[in-house]
2 protein chains.
Amino acid sequence: MATDTRGRMIRGAARMVGTRGASATSLRELAREAGVPLGSTYHHFPGGKHELVTEAVLAQGMYVDELIDRARTEGAGAALAAMTGEWRRVLERSGFRTGCAVLAVATEDEPDLRATANRVFDSWRARLTGVLVEHGVAADRAPGLARTVVAAVEGAVALCRAERSLAPLQEVTVEIGRLIDSAIDHRRGRRSG
Amino acid sequence: MATDTRGRMIRGAARMVGTRGASATSLRELAREAGVPLGSTYHHFPGGKHELVTEAVLAQGMYVDELIDRARTEGAGAALAAMTGEWRRVLERSGFRTGCAVLAVATEDEPDLRATANRVFDSWRARLTGVLVEHGVAADRAPGLARTVVAAVEGAVALCRAERSLAPLQEVTVEIGRLIDSAIDHRRGRRSG
DNA sequence: GTCTATACGAAGATAGAC
DNA sequence: GTCTATCTTCGTATAGAC
């Protein structure tokens, strides 16, 4: 089915872009991996590679959005764990070769893809901000703290790939968890005292 | 002079790799920017593009190493500020187009370059660990906290590029600064109580 | 709609003239 | 030692047969 082919290509592109970056990923390889002839990719994605990579970045964004939403009621720590747990799975399954496709396009120099990455990061940040506020972080601190969470997690995934170890992600989870806890405690302290 | 040409090419490569990533940066462009004919680059760098990019990543690593060393006695916050201040300058001067060449090669899939990025990250982490311990962070916590600093700063630079704003770096500086302070306070609290 | 064949440009690398 | 010209491979994209 055409729709299935499209989805397969998008998922494959998210993985390959997260592994090699967008510019180092060829449409030929993407097509071959999905079992689609090169020429047919332009039927499914008239905009070519640009359109496919954009869809892949947005798909990765929406997937993490959903993970955050599902952990929302459990607490701020659960939202953090949802993100780090997902990246842990991706890293382990790929032997530390695959990371985040959003970070990959954010570190290249393609204006449209950069803007797409920005929308995804901002979506994560907005969701995390909501979770933090719901669980007691001051409204004026939550956006900055949420952005710090996104930055630290993305950086940790890159460090895990560099050293082929989960240690950075685990340590960042612990330290950023402490930071979130202290932001909540600080507010509670204010309320009660 | 040959040595000067080599240095010019390395500095140019660090900037271009930090802007576009290693795979999207061509040796032709690197040569043209340094005013060197393509064929001559193989005289200065017999290992070709691979050697030039490796040198560029190591140069960026050593430069930040020195920034950390110089801020060492001033305190842990000064070491953090030295890193974030440098990235702020790079981002501003390039109109948010240029980031960290080390992160760029860490997010691609070239085993040798990945290993080089790992050595650089680990050098930063080791130096930061020393600074943290010197200023009162517990020895068993400092390495993980130092890695969190590296991850958060690298992630923040990527976020700044994505949203074309210094806000992520500024907010990360504030929040990670708080985390470092609390790690120091916690130790002092233990000592005195 | 699906796929083969190909156009056209740019990449890394090298040979060899000067 | 420096640089021009070129080899080979691979990239995106498309034309057009089925």
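Below, chain A is the first sequence line, B the second, and so on; all start at residue 1.
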Indicate yes or no: does B:Glu154 engage B:Arg125 in a salt bridge with an N to O separation below 4.0 Å. no

Any side-chain heavy atom of A:Asp181 sitting closer than 4.5 Å to one from A:Arg178? no

Please work out which residues in residues 98-113 of chain A have a non-hydrogen atom less than 4.0 Å from an atom of DNA chain D and list them by number. none

Candidate list A:Leu27, A:Leu30, A:Thr5, test side chain to side chain contact (heavy atoms under 4.5 Å, CB included), partner A:Thr41, passing option: A:Leu27

So does A:Arg88 have more than 12 non-hydrogen atoms from other groups sitting under 6.0 Å from CZ? no

CZ/A:Arg97: more than 12 non-hydrogen atoms of other groups inside 6.0 Å: no

Measure from CG on A:Leu30 to P on D:dA13 and round the result to the nearest Å. 12 Å

Measure the CZ-OG1 distance between A:Arg161 and A:Thr19 for me, rounded to the nearest 0.5 Å. 6.0 Å

Check for a donor-acceptor pair, side chain of B:Arg164 on one end and backbone N or O of B:Phe96 on the other, with a separation under 3.5 Å. no

Please confirm whether the shortest side-chain N or O distance from A:His43 to OP1 or OP2 of C:dT2 is below 4.0 Å. yes

List every contact pair, protein side and nucleotides 12-18 of chain C side both N or O, where the distance is under 3.5 Å.
from   : atom 1 : to      : atom 2 : distance (Å)
C:dG12 : OP1    : B:Leu27 : N      : 3.2
C:dG12 : OP1    : B:Lys49 : NZ     : 3.2
C:dG12 : OP2    : B:Leu27 : N      : 3.0
C:dG12 : N7     : B:Arg28 : NH1    : 2.8
C:dG12 : O6     : B:Arg28 : NH2    : 3.2
C:dA13 : OP2    : B:Tyr42 : OH     : 2.9
C:dA13 : OP2    : B:Lys49 : N      : 3.3
C:dA13 : O5'    : B:Tyr42 : OH     : 3.3

Check: A:Ser123/A:Arg127 side-chain N/O donor and acceptor closer than 3.5 Å: yes

What integer distance in Å separates A:Asp4:CG from C:dG1:P? 17 Å

From CZ of A:Arg32 over to C1' of C:dT4, roughly how many Å is that when rounded to an integer? 17 Å

